[in-house]
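Questions regarding the structure given below will be posed in turn.
All heavy atoms count here, side chains included; hydrogens, waters and symmetry mates do not.
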Amino acid sequence: MSEAFLEVRNASKSFGTATVLDGVALEVARGEFVSLLGPSGCGKTTLLRIIAGLTSAESGAVILDGQDITARPPHKRDVGVVFQNYALFPHLSVAENIGFGLRGRVARQEIAAIVTRFLELVRMGDFADRSVRALSGGQQQRVAVARALAVAPKLLLLDEPFSALDRKLREMMQMELKRLLRELGTTAIFVTHDQDEALVMSDRIAVMNQGRIEQLDSPQALYDRPTTPFALQFVGLSTRIFGEVTSVETDGTIAVTTAHGILRAQGRFARGSPVLLGIRPERISFGTQEGHNSIAPRLADIVFQGARVQAHFASTEDEPILLETSARLPADIAPNAVLPISWAPEDTLVFPRTADS
C-alpha cells in the first residue's frame, strides 16, 4: 500500500473489565474506502469513535495526513461523521442543514454555491427548501452525507448509515455513496455488520473479532483466501468439515480423514494435525469428477433464490454442506435423496483447528 493517509497505531480501549480494542493497528491510503466489518461488540464502532475523537483510547495514536490528532477535540480533527440516526436538525430546511457546518468557515456568499453543488451531487436539487421532517429515510441519509462532505473533511466516517433502510433502498444508496466518494476522492471509513454491504462498497475490508483486526484485505482476496476460520465463516457462506491430516505428499497435497471419508487439499500441515476444511458453495458441483473430492450426502433441503439455487445437504458437523448453482435442478431431485457431489482439492481452504473453530 502507498504511504498511509490515516494511521491508527496500537489503539486499545476497555470498558470496565471488558477489553473492546486490543492493540489495533490500521492504515488507510488517501482516497481509499475501508469498511470495518464484524459482529456486534467486536470493537468496530469504538475504533470509529476513537478516530473521530468522540472516545479516547487508553493507548495508541491516530495520525491523519501526517499530523498526530490523538489529543485534538472532534471539531479540530477535520473529520466528518455520519451516524445511524443522521442527526439532522429538524427545524432547518434541507439546504440549511447542508450549509450549517459551513458557517464561520467560508464567506456567506460562498455558502449558497457550495450547498447547491452538494444538493446536485446527492441528487436532491429539487428539495432545497423542504423540511427534513418531510423526507424519506433515504433522502435524509443523502442530506446527512451531503452535510458531512460540504465542509470538505479530510476523512469521512460512517457508522452503519443504511441500517434503517429497506433492502432495495439500502442497495441503491450503497451505489450512490460509492459513486459520490469516488467522484470527490474522499477517504472514508465505514462501519457495518453486513458482509454484502462491505463486499459491494469497499476497496478493502477489515474483519474485526473480539477487539482485533483478523484480516485486512480486498473484498475478493478476503472471500477467496480468508486467513482465519472466523473470516471464512463471517464473510460469505461456506461448508466446514473437520478432520485430521493422515498423509502429506511431496507436491504439497495433504490427505485429511473426515467423517465423510478421505479428502484432499493443498496446505503445509504435519501428519496428525487437526484441521478445518472450508469450501465455498459455488465451488461444489453435482456428480463426480476425476481427481476431485467426492462424497454422497443426503439432500436435506432446496432453497430457491431467484437467479441461484442452494442445495443443503445433511452433515455430521453442526452446519449443513452447501452447494450453490445458477443452473435449474432436475425436477426429480427431492429432499432425502442421496446424491454425489464433488469439488477440486485446490478449492479446499485449510486452517489449523482450534478451540474457537
### Message
In the structure I gave you, are the side-chain heavy atoms of Lys44 and Glu160 within less than 4.5 Å of one another anywhere?
### Response
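A side-chain contact exists here, since the closest heavy-atom pair is under 4.5 Å.
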
Within the 4.5 Å heavy-atom criterion, are Leu149 and Leu121 side-chain neighbours or not?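 When only atoms from C-beta onward are counted, Leu121 and Leu149 do not touch, as no gap falls below 4.5 Å.
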
*Under 4.0 Å between a Lys/Arg side-chain N and an Asp/Glu carboxylate O for Asp203 and Arg182?*
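Yes, Asp203 and Arg182 are salt-bridged.
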
- Message: I need the minimum non-hydrogen distance between Ala146 and Ile98, along with the two atoms involved.
- Response: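 In this case the closest contact between Ala146 and Ile98 is CB-CD1, 3.8 Å.
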
In the hydrophobic clustering that connects Ile, Leu, Val, Met, Phe, Trp and Tyr at side-chain heavy-atom distances below 4.5 Å, which members other than Leu237 occupy its cluster, ordered by chain and number?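 Leu322, which link up through side-chain heavy atoms under 4.5 Å apart, make up the rest of the cluster.
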
| said: Quick check: do Leu6 and Val62 have side-chain heavy atoms less than 4.5 Å from each other? | reply: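 When only atoms from C-beta onward are counted, Val62 and Leu6 do touch, with a gap below 4.5 Å.
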
| Passes side chain to side chain donor-acceptor pair (under 3.5 Å), Gln266 versus Thr253? Steps please. | CA-CA 5 Å; Gln266 297 288 324; Thr253 300; 3.0 Å; yes

#### Entry: Check ion pair Glu317-Arg240 (N to O, under 4.0 angstrom)
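The answer is no: the pair does not qualify as a salt bridge.
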
Rounded distance (nearest 0.5 Å) linking atom NE2 of His260 with atom OG of Ser294 |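 Rounded to the nearest 0.5 Å, the NE2-OG separation comes out at 13.5 Å.
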
*Under a 4.5 Å side-chain heavy-atom rule over Ile, Leu, Val, Met, Phe, Trp and Tyr, are Trp343 and Phe242 clustered together?*
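No, Trp343 and Phe242 fall in different hydrophobic clusters.
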
Check: Distance only, no hydrogens: is a donor on one side chain within 3.5 Å (strictly under) of an acceptor on the other, for Arg130 and Gln139?
Finding: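 No, no side-chain donor-acceptor contact under 3.5 Å.
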
When rounded to the nearest 0.5 angstrom, what distance separates CD in Glu96 from CD1 in Ile111?
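Answer for the CD-CD1 pair, Glu96 versus Ile111, is 11.0 Å.
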
Using the rule that Ile, Leu, Val, Met, Phe, Trp and Tyr join whenever any side-chain heavy atoms are under 4.5 Å apart, tell me whether Val350 and Phe234 fall into a single cluster.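 Shared cluster, no.
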
Checking Ala221 now: which residues fulfil side chain to side chain contact (heavy atoms under 4.5 Å, CB included) with it, not counting sequence neighbours?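 Result, side chain to side chain contact (heavy atoms under 4.5 Å, CB included) vs Ala221: Asp217, Ser218, Arg225.
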
query: Crowded around Arg72 CZ? As in, over 12 foreign heavy atoms under 6.0 Å?
result: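 Counting other residues, nucleotides and ligands, CZ of Arg72 exceeds 12 neighbours.
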
Practice prompt. Can you tell me which residue pairs pass the salt bridge (charged side-chain N to carboxylate O under 4.0 Å, His left out) test with a partner in residues 289-314, sequence neighbours excluded?
Written response: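 Pairs touching residues 289-314 that pass the test: Arg308-Glu324.
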
For Gln220, is the CD atom crowded, meaning more than 12 foreign heavy atoms sit under 6.0 Å from it?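 Not more than 12 within 6.0 Å, no.
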
Separation of Arg30 CZ from Thr186 OG1 (nearest 0.5 Å) |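 Those atoms lie 11.5 Å apart.
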
Is Arg179 salt-bridged to Glu176, going by a charged N under 4.0 Å from an acidic O?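 Judged by the 4.0 Å cut-off on N to carboxylate O distance, Arg179 and Glu176 do form a salt bridge.
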
Legend entry - Pairwise distance CG(Leu299) to NE2(His312) - rounded to 0.5 angstrom: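 Result: 9.5 Å between the selected atoms.
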
| said: If you define the side chain from C-beta out and look only at heavy atoms, does anything of Glu171 sit under 4.5 Å from Met175? | reply: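 Glu171 vs Met175: side chains apart.
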
Quiz prompt | side-chain contact (heavy atoms from CB on, under 4.5 Å), paired with Met208, selected from Leu47, Leu26, Leu37, Leu216 | solution =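 Running side-chain contact (heavy atoms from CB on, under 4.5 Å) over Leu47, Leu26, Leu37, Leu216 with Met208 returns exactly one hit, Leu47.
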
Next on the checklist: Distance check, rounded to the nearest 0.5 Å: Arg167 atom CZ versus Asp196 atom CG?
Outcome noted: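 With rounding to 0.5 Å, CZ (Arg167) is 7.5 Å from CG (Asp196).
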
Within a 6.0 Å radius of atom CZ on Arg103, are there more than 12 heavy atoms belonging to other residues, nucleotides or ligands?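 Yes.
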
Between Thr192 and Phe162, is there a side-chain heavy-atom distance shorter than 4.5 Å?
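Phe162 vs Thr192: side chains apart.
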
- Message: Is a donor from one side chain sitting under 3.5 angstrom from an acceptor on the other, for Glu282 and Thr325?
- Response: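 Looking only at side-chain atoms, Thr325 and Glu282 do not form any donor-acceptor pair under 3.5 Å.
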
- prompt: Under a 4.0 Å N-O cut-off, is there an ion pair linking Asp224 with Arg280?
  reply: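 Looking at Asp224 and Arg280, the cut-off is not met.
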
To the closest 0.5 Å, what do you measure between CD1 (Ile262) and CD1 (Ile295)?
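One gets 14.0 Å once the value is rounded to the nearest 0.5 Å.
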
*Sub-4.5 Å side-chain heavy-atom contact between Leu184 and Phe118*: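 Result yes, sub-4.5 Å side-chain heavy-atom pair found.
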
Does the cation-pi check pass for Arg147 over Phe100, that is, NZ or CZ under 6.0 Å from the six-membered ring centre and within 45° of its axis?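 Here Arg147 fails the 6.0 Å and 45° test against Phe100.
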
Counting heavy atoms not belonging to Asp129, are there more than 12 under 6.0 Å from its CG?
->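 12 or below, so no.
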
Item to check | Thr46 side chain reached by Phe15 side chain, heavy atoms, under 4.5 Å | outcome: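 In short, these two side chains touch, coming nearer than 4.5 Å.
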
